[in-house]
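Values below: all heavy atoms of this structure, side chains included; hydrogens, waters and symmetry mates excluded. Chain naming here is simple, since letters A, B, ... match the order of the sequence lines and numbering starts at 1 in each. It should be emphasised that the depicted structure is a prediction, and the values quoted were computed from it without experimental measurement.
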2 protein chains.
Amino acid sequence: MVEKYVYSFGGGKADGKTELKNLLGGKGANLAEMTNLGINVPPGFTITTNVCTLYYENNENYPEGLDEQVEEALSKVEGLMGKEFGDVNDPLLFSVRSGARVSMPGMMDTVLNLGLNDETVQGVIKQTNNERFAYDSYRRFVQMFGNVVLGMDGAEFEEILEKKKEKLGVDYDTEIPAESLKELVGEFKAHIKETTGEDFPEEPKAQLWAAIDAVFGSWNNERAISYRNINDIPHHWGTAVNVQTMVYGNMGENSGTGVAFTRNPSTGENKYWGEYLKNAQGEDVVAGIRTPKPIAQLEEEMPEIYKQLTDIFEKLEKHYTDVQDVEFTIQEGELFMLQTRTGKRTARAAVKIAVDLEEEGLIDKRTAVGRIEPQKLDELLHRRIDPDAELTILAKGLDASPGAAAGKVVFDSDEAAELGKAGEKVVLVRTETSPEDIHGMAAAQGVLTSRGGMTSHAAVVARGMGKPAVAGCEDIKVDYSVEKFTTPDGTVVKKGDFITIDGGTGNVYLGEVPTIDPEMDENFEKLMGWADDFRTMQVRTNADTPEDAEAAVDFGAEGIGLCRTEHMFFDEDRLPIVQDMILADSKAARESALEKLLPMQKGDFKGILKAMGERPVTIRLLDPPLHEFLPDHDELLVEVTKLKAGGKDASDKEELLKTIENLHEMNPMLGHRGCRLGVTYPEIYEMQAKAIMEAACELKADGLDVHPEIMIPLVAHINEFKLMKGVVKKAADAVIKEAGVDLSYTIGTMIELPRAALTADQIAEEAEFFSFGTNDLTQTTFGFSRDDAEGKFLAHYLDEEVLEKNPFQVLDQDGVGQLVEIGVNKGRSSNPNLKVGICGEHGGEPSSVKFCHSVGLNYVSCSPFRVPIARLAAAQAEVNNPHQ
Amino acid sequence: MVEKYVYSFGGGKADGKTELKNLLGGKGANLAEMTNLGINVPPGFTITTNVCTLYYENNENYPEGLDEQVEEALSKVEGLMGKEFGDVNDPLLFSVRSGARVSMPGMMDTVLNLGLNDETVQGVIKQTNNERFAYDSYRRFVQMFGNVVLGMDGAEFEEILEKKKEKLGVDYDTEIPAESLKELVGEFKAHIKETTGEDFPEEPKAQLWAAIDAVFGSWNNERAISYRNINDIPHHWGTAVNVQTMVYGNMGENSGTGVAFTRNPSTGENKYWGEYLKNAQGEDVVAGIRTPKPIAQLEEEMPEIYKQLTDIFEKLEKHYTDVQDVEFTIQEGELFMLQTRTGKRTARAAVKIAVDLEEEGLIDKRTAVGRIEPQKLDELLHRRIDPDAELTILAKGLDASPGAAAGKVVFDSDEAAELGKAGEKVVLVRTETSPEDIHGMAAAQGVLTSRGGMTSHAAVVARGMGKPAVAGCEDIKVDYSVEKFTTPDGTVVKKGDFITIDGGTGNVYLGEVPTIDPEMDENFEKLMGWADDFRTMQVRTNADTPEDAEAAVDFGAEGIGLCRTEHMFFDEDRLPIVQDMILADSKAARESALEKLLPMQKGDFKGILKAMGERPVTIRLLDPPLHEFLPDHDELLVEVTKLKAGGKDASDKEELLKTIENLHEMNPMLGHRGCRLGVTYPEIYEMQAKAIMEAACELKADGLDVHPEIMIPLVAHINEFKLMKGVVKKAADAVIKEAGVDLSYTIGTMIELPRAALTADQIAEEAEFFSFGTNDLTQTTFGFSRDDAEGKFLAHYLDEEVLEKNPFQVLDQDGVGQLVEIGVNKGRSSNPNLKVGICGEHGGEPSSVKFCHSVGLNYVSCSPFRVPIARLAAAQAEVNNPHQ
């Protein structure tokens, strides 16, 4: 049997239903559903999305049998309407619309009045006694057909229309008389012939198939493809085609058209929200010639229709248990529903609506929790640019750290720190930042750099601080010497000028753009509370400072999943000591430097452990390659070369240069870092273990119940872990013994290398916890250096659809996820009590959080500002896929 | 029940046997076996290797029950010998020896005459009527005990002995009278007391336990540990202790001692081989005071004993079906066997012996094939330093490419090429080599560099050429300006001086050291023929030039598993064109450079395909990051800085520098390389596919049946492969169509990233073959950059036993091997016809080859000189673990 390609609806009965959304597209499925609900929908039929897929698979040919099914569906509509398609006395006219699973503005929208030609137009005149209406419809059809079906430039038709109006001396389309409209039809057709070389198709069936072709063709036009890329819509989904009987809102004062939401989509308020126009077609509302009226006025103007409409609103909301976005037309006093779909809404509205619907008893708490797209919570958590502000973008960089920040431009970190302390709002602008800029970044509202990617120093540190940042903004040229930057259009921004950056989009604006506050109201709290009730997976945060830790607790973090100890090393006061440690030529010299660092690290840990109280705190021992703490090689090389060329003494600098060159690595990401540093210089990890435990013991002695968890990074082999565990345990136990307190702690490891995941059973025999470091695991599993990939080829890969998503943002479940699953299963097989979490950036990305739930992780850990997102995603995962 | 820790032997019956070698050590197991064979072995007992393990696990304490078992075994020996340990009238005396699974010179060797003290020595005198013998034995015992059991300096005892001889005015130990020997015992004991603070233990049991302690202790002395590290012996094996009744070869002219091999261990000749001394103890043979006689003379001197001995030789060879290395003692006309073990032999002897034993019917062909350690074949395949030559090492570097080479030192590649063409033997010495040195390397006998690791340019290229190389020889300081190098001891080597390098050890010698030719004789051919008969896995080679390809075919290669196309790009004539291609600022400019490269690449491919004839040739498309083809960044930066400092125009160079900086990558190993280049610049792969197919088509038209296989490198995601397959197939099919020949080819991929292995089922749906690139797979699975690891921390890891072996040399079966297995199984699951091979360096390493067999690979591919090794290892794998 041939597959069913065409689904009819009309006359209170439909082949389709909402559940067939993937097959019929959102619009088609809902037209069928409304029909079955007894709502008055103009009859028609839907050609399935499968046809679209087959069409592309089969070299743009339709599957066999489609023709017959379309014919049959057409007859059915003719039967229901008592009219015939192409009938010169009383023609049936159609609209043809695309309709994918999700609404896609990039695609062909609509062709109206299809079926009109020089003959059938006479039938319309006969039936309506309205020649002007008939020719206006005909004129619109030919124009739309030329534009959307034949792909001609719409402006050219408008030009012909404008000329006609000029000639007639009228201002509005509505003032054009029937005769001139008839002329316009001829002129439009001539223009079509001239442009395409083909006659306008008079035959209604030919029109229909041309429109169907155009809908399917529009699935792969440039705009549609780029929309799908931006919105993560798979390209294989395809679109359906909806062919529906025309109804007219422009047949007099008892006609009209409108769009409405069953609740306010901006605030979530439970009030009908929308607008309508009497005696108008849908496109008139859009054209903006007449100002539509608020929907509430319809109650006065057409009380009966209003009653019917709001009854339908109630019915639809009850049926779909969610806010609906509808289109309707009133044709000579009869109300037709043309579309219903779930209403898009702001994050704030989404939260309020979900809470309200639950309270109204329409949905339960589980459903309410499932209604919010976790990613959208981001809107509520950061200061952001007022969405209503009129903006001119000055420059665009990478969206390195979300949030909006406005302030005076400052180019120097010391100056930023000074002004910041004095209460001034500043934005720090640098070509790139380095550890010496930390204090300036901390004092600034936000950071803007002209170089560097998503993992540049500026980006990483700003995300850690929860500070807005735009990085790699190559549009701006920074000139420190005159304290200015310039943009491609020649704008010069001087020190002290105001700019605003939006770290969520990468946009930079001139001046102080209005921003709005985070919106965590009581509805938000209520909803997150429900989420926490459902959630089985814990949510921790990645935090390196007491301030971050406190912010994260406010956002609901239940512990620290990753406290990096190296950011502390970059501190202004410490860097020289860290450098002494690195340049030490003996173990004794190294230990003496480490001794100086110990009380500083201890202070850091004390602050963080105190901030987290009884919550667990996972502290990762030193991870980055040592050369990261040394001056830049190339700058030093230039300096030395210059000194020597000038005949000056460069021996000291040359010595340093040599050391840096000795530490140089071909691939530092895969080099001497992580526990490899601990294996070669155990005294470093020993010092860190001591600092952690001294901090913990002192707090414990003060009566605080702290839970440090010490994490060994970059383990590839069980022996590395064993060795480092030995070093850490010895140091830690000695501190506890000395302090005489009763303190427990655990020792675990990052699983961030494929080999660690593959041999997790061996490692879990020794480790008390695992934390998947999916950033590095993604790098090694793909063999992608994030820095290089994002700079060199990843954009191209995403454009060309070699990869569907950036695997550094969205966990690659097929590959990296497979290793995570192997790691969890093998780890638990040898150690059933193993605690397993994730601390890569994926820990705050909703689809990745859901994956983590599905493989049985105990917790995810993410940056403070993503904690609520992770909480919600974790709750949704549990609701959709309860843990055993 | 307590575990059996002690195994007795003696009186024709033993608890142990050969099969218990792991438990009893080689020596103990064979003593037991000989006893059971009815051979006369002095009775004794063996304490198991398990005791050693338990001893170390339990903080150097013995397991419970050991004491009783030792007592019991002691009684048994006393019963058999009719003597008692410590009996003052007729004492039983023991030797105590260590004995691990394999012989280990680093450990404690032997304590003889244990059980002697001031009282029991009287018993010996009573029994032997030989006071001198008794005191000489006692003196030796105290000396040995002090040295090997108590760890004192042996030279100090020798000094006391020498003083005594001086005082007596004698030259030889044998001239010292009994009375003086007695005095020496007292003086030795006093020296022990003085040094250790403890009295010499008179109590025999105390002596025995001290000796046992010392044997177990010696397992972990420095020498033993370093020996195990060098010889890949696991540290957890432990040693056994053998306690055996003393017999004496020095009890007169009807006594003696000797060592023998049942065949010549150097040549393999089937003749008894060894030496003996009459009236002597084993140590006298070693001491070299008297010259031992060849074993054949024993037939004349003691015909009866000789007959018994050779009967035992025959018995042992038949029993063990292999050459034995034995020790024996004749005590007053009675022959005792003290040890038998499999005789160590040279590679040449090993081959001859295996072939002979098969022909004698002692072993079958399978066993013969299994008898040769594949790695040892290396000795036969390269010119090497004469093992008998007396050598002084000048310097030591990395063993970068095996083989010995001697020649005049030359520092310049052009000069090397000139002299080489003129027939002179030269060794090219450079700080490091670059693509510009290729012609010099090719003309030289060998290459020596002072910098760079195992993957430096010099090392990689030399291995490819099969040319001896010592790399990273930091002992030498090269000064090009005066054409000299110096070594730490001040030796200056000038241009034209002769040196010899040994790329198999990394040693550099002054002068022309004698070298010996490869030894691939008819026995070798016979054995390899058998190996090939058993082998089910194919062996291919990695070769980039027709010369390499031909050499590999001579070594038995059955195809090319990896032909790299980038080495061709480094060619002097081509590099500028390659650079043009890279610096091209448009696709058109790039294509024009590629057009120039095409005929050159085509010529390369033609040569290689021709050399391989009908054998398959896998050609990998361009893999390395493009910046590898550009000038060195730092050098250019210095140049530009100097030019600018001198006020000169540097704009051109600065432009180039900028391009290089743009191409710079943080982690090039994980950067824009492999198929990522093909995805971003498809025209490169298109050109290469065209060049390959044009070459193949022309050969095919000439009647040669060629089989090109095109390989896409560094695939992480099926989409990359699909895209590149499309590009290659289109170009290739067009060439075939144009040529009008009937040529088939395949397209496959490297599996060298964890993600590719994990998603191999998806990739195999499109790929016709897989080749595991285990070099990169090891880098990504471990997260080790080979360059950085080998330079920075891997040596430390191996020293500290964090890793047992260098995973870049020996495939890490636990981790990387797991991915290979996953890749093979998943790949075959979706494509049962998938051809799977390996082309990393592991393809020529025996244990890795065996692993490849076990997971069902179709072939391994390795450098030409390792092909025989791989053939043999593959045969052994099949013999031991037949393929289903």
Under 4.5 Å from any heavy atom of chain B - which part of [X]:
| X | answer |
| --- | --- |
| Glu752(A) | neither |
| Leu663(A) | backbone |
| Gln818(A) | side chain |
| His633(A) | side chain |

Inset, instruction - Among Ala645(A), Gly671(A), Gly646(A), Gly674(A), single out the residue with the greatest number of heavy-atom pairs under 4.5 Å to chain B. - result: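 Of Ala645(A), Gly671(A), Gly646(A), Gly674(A), Gly671(A) has the most heavy-atom pairs under 4.5 Å with chain B.
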What are the two closest heavy atoms between [X] and [Y], and how far apart are they?
| X | Y | result |
| --- | --- | --- |
| Asp814(A) | Thr759(B) | O-CG2, 4.0 Å |
| Lys792(B) | His664(A) | NZ-O, 3.2 Å |
| Phe793(B) | Thr680(A) | CB-CG2, 4.1 Å |

Inset, instruction - Would you tell me whether Asn667(B) and Glu665(A) have side-chain atoms, one donor and one acceptor, within less than 3.5 Å of each other? - result: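 No, no side-chain donor-acceptor pair sits under 3.5 Å.
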Inset, instruction - Could you verify whether a donor N or O on one side chain and an acceptor N or O on the other, from Asn719(B) and Glu800(A), lie under 3.5 Å apart? - result: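 Judged by distance alone, the side chains do not pair up.
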Less than 4.5 Å apart, side chain to side chain, heavy atoms only: is that true for [X] and [Y]?
| X | Y | answer |
| --- | --- | --- |
| Leu670(B) | Phe784(A) | no |
| Thr780(A) | Pro754(B) | no |
| Val802(A) | Leu723(B) | yes |
| Tyr797(A) | His717(B) | no |
| Leu758(B) | Thr781(A) | yes |
| Arg755(B) | Asp812(A) | yes |

Inset, instruction - Tell me, out of Ala789(B), Gly783(B), Ala716(B), Gly815(B), who's got the most heavy-atom pairs with chain A below 4.5 Å. - result: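 Result: the option with the highest number of such pairs is Gly783(B).
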Legend entry - Side-chain donor or acceptor of His796(B) paired with backbone N/O of Val679(A) under 3.5 Å: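 It does hold such a pair.
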Legend entry - Any donor-acceptor N/O pair, Asp788(A) side chain to Met666(B) backbone, under 3.5 Å: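 Side chain of Asp788(A) to backbone of Met666(B), a donor-acceptor pair under 3.5 Å: yes, one is there.
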Legend entry - Per-residue contact mode, Leu637(B) against chain A (heavy atom under 4.5 angstrom):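 For Leu637(B), the contact with chain A is made by the side chain alone.
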Legend entry - Exceeds 12 heavy-atom contacts within 6.0 angstrom, atom CD of Glu474(B):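 Count not over threshold, so no.
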